[in-house]
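The chains referred to below are lettered A, B, ... by the order of the sequence lines, with proteins before strands, and numbering in each begins at 1.
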2 protein chains.
Amino acid sequence: MPLRTSQNESDELRKLDLFSDMEDVHFEALMRGAYVQNFPPAIELIHEGEPSDFLHVVLEGSVELFAGWNERETTMATVRPVSTFILAASIKDAPYLMSARTVEKSRIILLPSSDVRAIFDEDQAFARAVVTELAQCYRHVVKNTKNLKLRTSLERLANYLIRQSEVSAEPTGFDLPIEKRRLASYLGMTPENLSRAIKALQPYGVTVTGQHVSIPDDRDLRHLASPTPLIDDPKH
Amino acid sequence: MPLRTSQNESDELRKLDLFSDMEDVHFEALMRGAYVQNFPPAIELIHEGEPSDFLHVVLEGSVELFAGWNERETTMATVRPVSTFILAASIKDAPYLMSARTVEKSRIILLPSSDVRAIFDEDQAFARAVVTELAQCYRHVVKNTKNLKLRTSLERLANYLIRQSEVSAEPTGFDLPIEKRRLASYLGMTPENLSRAIKALQPYGVTVTGQHVSIPDDRDLRHLASPTPLIDDPKH
DNA sequence: GAGGTTAATTGACAAATGTCAATTGGGCTG
DNA sequence: CAGCCCAATTGACATTTGTCAATTAACCTC
């Protein structure tokens with residue numbers, strides 16, 4: 001049963017760059033039309049090809065964006081709190097190019113796309129924030145394309161691990177944020193190949209135990225990986 | 001030597017969706033600050049990692065967008081008249097993620113990015129057109145990623161040829177719009193592999209002679225390719 | 001703690017694709 | 001028209017990655 005958002009949840013949403021500069025009256029109108037819902041794992045929230053009736057925001061849990069073709073499927077991204085996904089389809093009233101399903105129990109806000117578009121037409125600050133968000137999404141996917149076309153699967157894994165290590169900034173290592181079979185799919189390889197690639201990175205200082213990764217000395221790994229902000233840094 | 005744009009060229013630019021709803025006074029201001037220049041083939045217009053000082057518009061000729069990493073290079077897109085490229089970097093004042101070079105002799109308009117951003121802040125219709133353009137660019141790259149991850153190189157070529165055949169709508173076939181080695185790179189394979197893939201498609205009704213492609217009966221090809229608008233249709 | 005289920009690893013082999021070099025074809029210039 | 005240069009094709013082989021199946025590991029429920 002869909003519920004209205006609590007004050008706390010509205011505040012969480014307000015903090016997002018996308019909504020933070022929106023006029024109060026517009027934000028309140030958006031919240032009045034919003035639903036919040038809990039979903040169990042493995043529930044498909046949207047399906048590629050369908051019209052985008054809502055703009056979704058992940059408040060808790062996580063959501064996998066994936067795409068399929070001819071019985072094949074690939075993971076395109078994982079969405080974590082607090083963030084939206086597939087803004088482009090909502091804003092332009094175009095069909096979804098990707099599907100989405102919950103990875104774990106998740107709490108999602110659904111904002112009617114028609115409300116979002118109406119405010120977009122009225123609120124200049126929101127329009128600008130939409131542009132920023134779309135530009136960032138676009139740049140992110142361009143980097144992903146470069147990663148896929150320019151690097152082998154071993155190089156993609158190496159760079160991924162370096163990136164995650166930098167983000168966690170823990171000297172004892174970090175936990176992979178998703179299951180290995182999904183990580184494999186995201187990186188454009190099979191689970192078997194990921195397993196072999198993880199093993200192949202051991203001589204470069206990488207130790208993986210279950211979900212835990214530690215890289216006490218990453219110099220060799222960095223030499224193999226050759227990270228560049230033009231591919232690997234989401235903020236660049 | 002950079003020249004100012006002629007009335008004819010301004011008119012060409014005005015016709016673009018990106019600029020067509022811009023207020024006259026803003027468009028005129030943009031044109032006053034614009035340069036137009038002829039470039040011979042193989043000239044690098046922009047380099048990845050560099051700041052985006054100009055928004056470029058291709059009036060004549062063609063421009064290849066490409067990216068490199070560790071001595072490797074890949075073709076990301078080909079830009080034809082009349083259109084812009086890499087709007088996201090200009091609008092957000094971010095470094096270019098791709099380089100661009102002329103494929104043939106080309107006539108390019110250069111619009112100072114600072115002028116573009118200033119008008120973006122002022123002109124609501126232009127801001128909306130920017131959103132449309134960015135959403136389209138984003139969706140295009142997502143389809144490209146799906147193509148790369150979900151399909152083999154043979155399938156990518158098959159779908160590319162079907163797409164080009166539909167666009168040309170000529171019963172006698174069409175000419176490939178770019179050189180084969182660049183097409184190979186764009187589709188994510190080596191020139192040798194493209195050559196073999198072209199050969200492998202002959203039993204499916206594909207005949208290639210130099211740049212000319214004819215597909216008198218495309219039923220078998222379509223069966224192999226399984227085209228879908230969610231990957232292959234730029235307007236979907 | 002046992003049993004069941006799913007994820008991950010491993011082995012063996014197949015397929016797809018890349019690399020390198022030689023040859024052929026096409027286009028351009030003098 | 002000849003010569004040169006570059007694009008494309010082809011052959012042989014290497015590498016990367018996928019597929020399939022078996023085994024092991026991990027997690028969850030009763």
Determine: side-chain N/O of [X] to OP1/OP2 of [N], distance under 4.0 Å, yes or no.
X         : N       : answer
Lys180(A) : dT9(C)  : yes
Thr190(B) : dG18(C) : yes
Thr152(B) : dA16(C) : no
Lys199(A) : dT9(C)  : no

Distance, rounded to the nearest Å, where [X] contributes [atom1] and [N] contributes [atom2]:
X         : N       : atom1 : atom2 : value
Glu179(B) : dC28(C) : CD    : P     : 11 Å
Arg182(B) : dA7(D)  : CZ    : P     : 8 Å
Gln202(B) : dT10(D) : CD    : P     : 9 Å
Lys149(A) : dT17(C) : NZ    : C1'   : 15 Å
His212(B) : dG26(C) : NE2   : P     : 15 Å
Leu148(A) : dT17(C) : CG    : P     : 14 Å
Leu187(A) : dT16(D) : CG    : P     : 17 Å
Leu176(B) : dA7(D)  : CG    : P     : 16 Å

* Check whether any side-chain N or O of Thr209(A) sits under 3.5 Å from a backbone N or O of His212(A) as a donor-acceptor pair, and report yes or no. =>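 Not at all, since once roles are kept as given, no pair shorter than 3.5 Å links the two residues.
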* Asked: Hey, does the side chain of Ser214(B) reach the backbone of Pro216(B) with a donor-acceptor pair shorter than 3.5 angstrom?
  ->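 Not at all, since once roles are kept as given, no pair shorter than 3.5 Å links the two residues.
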* Would the number of heavy atoms belonging to other residues, nucleotides or ligands and lying under 6.0 Å from OH of Tyr160(A) be above 12? ->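 More than 12 heavy atoms, drawn from other residues, nucleotides or ligands, come within 6.0 Å of this atom.
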Quick one: which of [options] gets closest to the side chain of [X]?
X         : options                  : result
Asn193(A) : dA8(D), dA21(C), dG18(D) : dG18(D)
Glu192(B) : dA12(C), dA8(C), dT9(D)  : dT9(D)
Arg181(B) : dA8(D), dA12(C), dA8(C)  : dA8(D)
Met189(A) : dA7(D), dT10(C), dG18(D) : dG18(D)

* Where do Ile231(B) and Lys143(B) come nearest, in terms of heavy atoms and distance? ->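 Here Ile231(B) and Lys143(B) meet closest at O-CB, 3.4 Å.
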* Asked: Want to settle it: does Gly210(A) or Arg196(A) sit nearer the 5' end of DNA chain D, counting the closest nucleotide to each?
  ->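 That would be Arg196(A).
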* Nearest-0.5 Å distance, CG of residue Leu157(B) to CZ of residue Arg151(B) ->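 It comes to 11.5 Å.
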